[in-house]
Amino acid sequence: MKDKTTLNAFRQTWKLAVATLLLGCFHGAAAHHPIQGKFDPEQSATMAGVVTKVDWRSPHVHVFMNVNEGNNVVNWAVELENPYILIANGWDDNSLQPGDMIRVSGMKARNGSRQVWGDEVVMAETGRSVYAVSDTSPPKPLAKRPVPRWPDNNRPVLGASPGGVGGLWSYPTEKVLVEDGVDVTMDEYGQLENIADAGKVAPMQDWALARYVHRQERNLMDDPMYLDCKPPGGPRQYQSDLGFQLIEDRKNDRIFVLLGSGNRNYRIIHMDGRNQVGLVTGDDDNPLFYGRSTGSWAGDTLVVETTGFNEGFWFTNGGLPHTDMLTMEERFTRSDFDTLHYEVTINDPGAYTRPWTASWDLSWVGGAGLPFSLCQHNRQ
Amino acid sequence: MYQRLIRSLAVIVGLGMLSGIAVAQEGHPLKGSWIGEWSGNTTHGEFVLLVMDWDGEKVTGMINPGTDNMDIESVDLDPSDWSVEIKAGGYTIDAEIQSLELPSRSLVGTWRSSNGRGDFEIVRQ
């Protein structure tokens, strides 16, 4: 009897942990890529048809459906959210079956192909919504909890408390990199509402501003993170949907940053006082997507200097340019148990006219683990 | 004649070694190695290699037509239309960046010198 009770308790705990992980880890309302790059908000479509296939793959699920157009039956592809986001909302690859009758409304593809972004998918017979997503962000605690600290030196614990429940940092209060104090309106992918605001975002050199505008005018469709699975280096790694973990390897004086996005990339912050390896003007021998980082403590704030970036990626959502002259000073401050304040100073004399700073907060998602996210690039 | 053939072969082999998939470059759009042709150039041959870099204030680099490498003296980039003027070794190149969004973007325009003029087109590698 005792064993059965224990087993049931274990099952309940396990179910709760899985539910917490899934619900806590993913942002329901967040799409995986700037969908306006592929789909046109100005071209809406509504259609009804029969499901022929559900392609349950990262980065986006596709439902294929046969639609009657005049005397012909044509096959349309309905693009949906990332599988992880759909799972977090209770859906799976069996939620729709071939043969199901559905109605779909959404945006048509810009290139005129038979593709539509599925804003709404409903079962034709019952009107029940399928693959709908909502905000799954964790509730804010009623009261601020104190910062956990290491017993030996009283410094803040940056990740999970020793012996405590695991978790990750996610739900950034800003998903776009904009100089602190600047008021511009963008969507969560970094697309400006008004292109005339481009020059306000950061103090860009003329060429960098023109390149940024060019990317904006192309609706961010050239983002190499989506086209070619390039990593989200620079501050972009802290504005991802999928979160990150800070793992303190105190024995070896280093901190691992494990990323939920970018094919589960990681970077290392060396805390042993070594000299910075990356050159100030870039590291031509082996420039990196995440650069080379050294860290130190200033009171309760972890200060990280990073150099040695390559130029093969976008370091922000929205496409602000950078060069291999980029250096970053990042400041991580755990202001309470559930809040991590992140501040970054961008110093890139190759692309900007002066150093500039941006900052935001991230929330602790207790019990969550990093998703196993693998990118499949979109050029093919 | 023989020297010219050897020189052309050397350039072709060199260009072949450099060719391939362009390395992603999301920084300054002129930075990188570019290969292509300046048509009708009887002085230095039709094939040409440019290597350009960006130091935050100016574009530097060289033009390598196979022999007689020339340091680039000046590069003026107008980001409003992505037009470029390059001066080196008595040559003036007026071109425009095309397919800016691609790693394998191109510079298309004309070249001129005291010895002639012609079309100019190079592709970033």
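On a predicted model such as this, the values are computed, not experimentally measured, just so you know. Computation of the quantities below employed the complete heavy-atom set of this structure, encompassing side-chain atoms and omitting hydrogens, waters and symmetry-equivalent molecules. Throughout, protein chains are lettered first and strands after them, A, B, ... in sequence-line order, and every chain is numbered starting at 1.
By the 30° and 60° cut-offs, the orientation of the rings of A:Trp207 relative to B:Trp54 is perpendicular.
The environment of B:Arg117 atom CZ is sparse: at most 12 non-hydrogen atoms of other residues, nucleotides or ligands sit within 6.0 angstrom. By the neighbour-count criterion of 12 heavy atoms within 6.0 Å, atom CG of B:Asp81 is densely surrounded, having more than that number from other residues, nucleotides or ligands. Annotation for A:Phe289: atom CZ counts as buried by contact number, over 12 foreign heavy atoms lying within 6.0 Å.
Of the inter-residue distances, the one linking B:Glu101 atom CD with A:Glu217 atom CD reads 11.5 Å to the nearest 0.5 angstrom. Here A:Asp324 contributes atom CG and B:Gln25 contributes atom CD; the two are 8.5 Å apart, rounded to the nearest 0.5 Å.
Taking 4.5 Å as the limit, some side-chain heavy atom of A:Arg211 sits within range of a side-chain heavy atom of B:Glu26. A heavy-atom distance below 4.5 Å is not found between the side chains of A:Thr323 and B:Lys31.
Proximity to chain B is limited to the side chain of A:His214, based on heavy atoms less than 4.5 angstrom apart. Of the two parts of B:Leu100, the backbone and the side chain both hold a non-hydrogen atom closer than 4.5 Å to a non-hydrogen atom of chain A. When heavy atoms are compared at a cutoff of 4.5 Å, B:Asp78 does not approach chain A at all. Only the backbone of A:Phe313 comes within contact range of chain B, with at least one heavy atom under 4.5 Å from a heavy atom of that chain.
Your options are A:Arg215, A:Glu311, A:His322, and the one with the most heavy-atom pairs under 4.5 Å with chain B is A:Glu311.
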